[in-house]
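Below: one structure, written as structure tokens.
All ligand and atom numbering here is 1-based and tracks the order in the structure. Because the structure is predicted, anything quoted here is derived from the model rather than measured. Throughout, numbering of the chain's residues begins at 1 and tracks the sequence.
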Amino acid sequence: MRSLVFLLLVALASAKVYERCEWARVLKAHGMDGYYRTSLADWVCLSKWESSWTTTSTNLNTDGSTDYGIFQINSRWWCEDGRTPHSKNACNINCSDLLTNDVGVAITCAKRVVRDPNGIRAWVAWRSHCENRDLSEYLAGCGL
Ligand SMILES: *[C@@H]1O[C@H](CO)[C@@H](O)[C@H](O)[C@H]1NC(C)=O
């Protein structure tokens, strides 16, 4: 029983779900505000709709690739998961590293994605939920 409780605590500890302003502060500390013509609110909005700010989020795509982590970064182009044919791994990382509480890895990879010509438009959720919208609610009350 004690070990079960321990395992449960480990599981809870590793499935980090950020609170909105907490996540916005982490993004800002990592230099995301203004990074390649993006705003802090763009990133808070994008990650809300991609993962609900959950570091352990994964989703299988119809093409057999998988989206990983708080930004739902795709294994076709950006990371290696050992089961996506012809993947590019442009971030040069193991996809599982996008699921840990060390969000610096995911943020560094998101920066790599946004430096591509498509920029932040690479994220479908950004286009459908954040583009051309008033995003002020995403930073409201955060003091940022
Ligand atoms: C990625 O990391 C996981 C967990 O550490 C490991 O099991 C897996 O073999 C690694 N995959 C690749 C493709 O390196």
Side-chain angles (χ1 to χ4, degrees), residues 1-131 133 135 137-139 141-144:
M1 186 61 199
R2 184 169 290 178
S3 62
L4 242 181
V5 170
F6 174 75
L7 283 174
L8 184 63
L9 286 174
V10 169
L12 286 174
S14 58
K16 170 86 176 163
V17 180
Y18 276 90
E19 179 271 322
R20 180 173 58 86
C21 291
E22 177 192 18
W23 178 231
R25 278 190 289 273
V26 169
L27 288 167
K28 184 166 182 154
H30 282 83
M32 296 300 258
D33 193 7
Y35 193 80
Y36 271 70
R37 300 172 299 281
T38 63
S39 71
L40 201 53
D42 281 322
W43 294 106
V44 176
C45 177
L46 176 163
S47 48
K48 178 204 166 126
W49 292 99
E50 289 288 359
S51 70
S52 302
W53 305 316
T54 306
T55 59
T56 52
S57 174
T58 61
N59 284 288
L60 187 61
N61 298 305
T62 50
D63 70 353
S65 66
T66 303
D67 293 337
Y68 290 88
I70 200 158
F71 300 109
Q72 288 290 283
I73 289 173
N74 186 265
S75 62
R76 170 87 45 213
W77 302 103
W78 309 109
C79 63
E80 178 60 57
D81 66 0
R83 63 171 201 191
T84 306
H86 315 297
S87 63
K88 297 282 181 281
N89 192 10
C91 287
N92 201 24
I93 50 171
N94 185 327
C95 296
S96 66
D97 295 341
L98 295 169
L99 306 177
T100 72
N101 289 345
D102 178 9
V103 288
V105 175
I107 291 173
T108 299
C109 186
K111 285 178 169 173
R112 171 66 189 81
V113 175
V114 86
R115 288 198 301 270
D116 251 24
N118 283 338
I120 202 164
R121 297 184 58 82
W123 281 275
V124 174
W126 181 82
R127 282 183 267 143
S128 49
H129 297 282
C130 314
E131 187 174 24
R133 306 223 183 183
L135 302 181
E137 65 181 281
Y138 291 99
L139 298 178
C142 298
L144 288 166

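Screening residues 28-68 for disulfide (SG to SG under 2.5 Å) gives Cys45-Cys130 as the qualifying pairs, with residues at least two apart or on separate chains.
A search for side-chain contact (heavy atoms from CB on, under 4.5 Å) contacts involving Thr58 returns Thr66, Tyr68, Leu99, not counting sequence neighbours. Residues satisfying the ring-ring contact (aromatic ring centres under 6.0 Å, His included) criterion with Tyr18, sequence neighbours excluded, are Trp23.
A salt bridge links Lys16 with Glu22; the closest basic N to acidic carboxylate O contact falls under 4.0 Å.
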Identify the protein atoms, limited to N or O, that lie within less than 3.5 Å of an N or O atom of ligand 1, and list each pair with its distance to 0.1 Å.
unit_1: ligand 1; atom_1: 2 (O); unit_2: Asn94; atom_2: ND2; d: 2.3
unit_1: ligand 1; atom_1: 2 (O); unit_2: Ser96; atom_2: OG; d: 3.2
unit_1: ligand 1; atom_1: 11 (N); unit_2: Asn94; atom_2: ND2; d: 3.0
unit_1: ligand 1; atom_1: 14 (O); unit_2: Asn94; atom_2: ND2; d: 3.3

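Sulfur-sulfur distance for Cys79 and Cys91: not below 2.5 Å, with no disulfide indicated.
Phe71 and Trp43 have perpendicular rings, their planes meeting at more than 60° on a 0 to 90° scale where under 30° would count as parallel.
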